Each structure stands twice: as C-alpha cells, then as structure tokens.
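As the structure is a computational prediction, the values presented were derived from the model and not from experiment.
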Amino acid sequence: MFQPFKTKLPRQYDEKALKDTLSAIENRMGLRETARLFKVPCMTVARYVKDAKAKKIGRGTKLNAAEERLLVDLPKKSGNVGFPFDKTQLRVFGK
C-alpha cells in the first residue's frame, strides 16, 4: 500500500507580516503575542528568531574574499596560457 501524496498548504501570511513580526520582537514584544497580532504561525516566528540569533558554527576562514579570488584566478590564468597546475603544484601554491 502507498500513502497518498500530501501537498503543503499555501502560506496564510505575506513577507511584510513576517518582517513586521520580527521587528516587533526586536522591540521587546513577546513571541506568541506578535504571532497572534500579525497572524503568522508561532513556530515560524520562533524559527526565524532562532536563525537570526544563531552563531556561526566552526572556525573562521584563514583567507579573506580577495585572497580566495586570487587563489582561484591565478591557476586558471596559467592554465589558459598553457601551463596548467597539477595537484602537487596546487598544494604548494595554496600554502
């Protein structure tokens, strides 16, 4: 036997209501109270609040965005000129 496919119901709120709810919570209003006021599901609001306050997991990167871009562009350019990097050269270049 198989289970019939269930579709999700469309959202009963719009993005503006969700943004207003989150801004009201930032202004020290209760989570359930704002969810009822703006007619947004309480668990949806809780999930957005939790994600907004969540910290990054893991350690930071060693390179900034410009250094990473350089690390990618230089081997590409040398490959286009006719001198592609092999695995060992990439490892040495990356250090």
> How far does CG of Asn80 sit from NZ of Lys77, to the nearest 0.5 angstrom?
Replying inline: 9.5 Å

>> What's the separation between atom CG in Leu31 and atom NZ in Lys50, rounded to the nearest 0.5 Å?
In response: 13.0 Å

>> For Val45 versus Leu22, what's the shortest heavy-atom pair and its separation?
In response: O-CD2, 4.4 Å

> Would Val92 and Gln89 satisfy side-chain contact (heavy atoms from CB on, under 4.5 Å), going step by step from the backbone distance to the final call?
Replying inline: CA-CA 5 Å; Val92 170; Gln89 289 173 331; 5.8 Å; no

> CD/Glu33 to CZ/Arg36 distance, rounded to the nearest 0.5 angstrom?
Replying inline: 7.5 Å

Expected list for residues 62-74: side-chain donor-acceptor pairs under 3.5 angstrom, two or more places apart:
from, atom 1, to, atom 2, distance (Å)
Asn64, OD1, Ala66, N, 3.3
Asn64, OD1, Glu67, N, 2.9
Glu67, OE1, Asn64, N, 3.1

> Where is the tightest heavy-atom contact between Ala24 and Thr34, given as atom of each residue plus distance?
Replying inline: CB-CG2, 3.7 Å

> How far does NZ of Lys39 sit from OG1 of Thr21, to the nearest 0.5 angstrom?
Replying inline: 11.0 Å

> Would a 4.5 Å heavy-atom cut-off, applied to side chains only, mark Arg47 and Thr44 as touching?
Replying inline: yes

>> Restricting to side chain to side chain donor-acceptor pair (under 3.5 Å), what partner residues turn up for Arg32, sequence neighbours left out?
In response: none

>> I'd like to check the side chain to side chain donor-acceptor pair (under 3.5 Å) partners of Asp20; sequence neighbours left out, ordered by chain and number.
In response: Lys16

> At their closest point, which heavy atom of Ala35 faces which heavy atom of Cys42, and how far apart are they?
Replying inline: CB-CA, 3.9 Å

> Passes side-chain contact (heavy atoms from CB on, under 4.5 Å), Leu37 versus Met29? Steps please.
Replying inline: CA-CA 11 Å; Leu37 180 67; Met29 199 170 175; 3.7 Å; yes

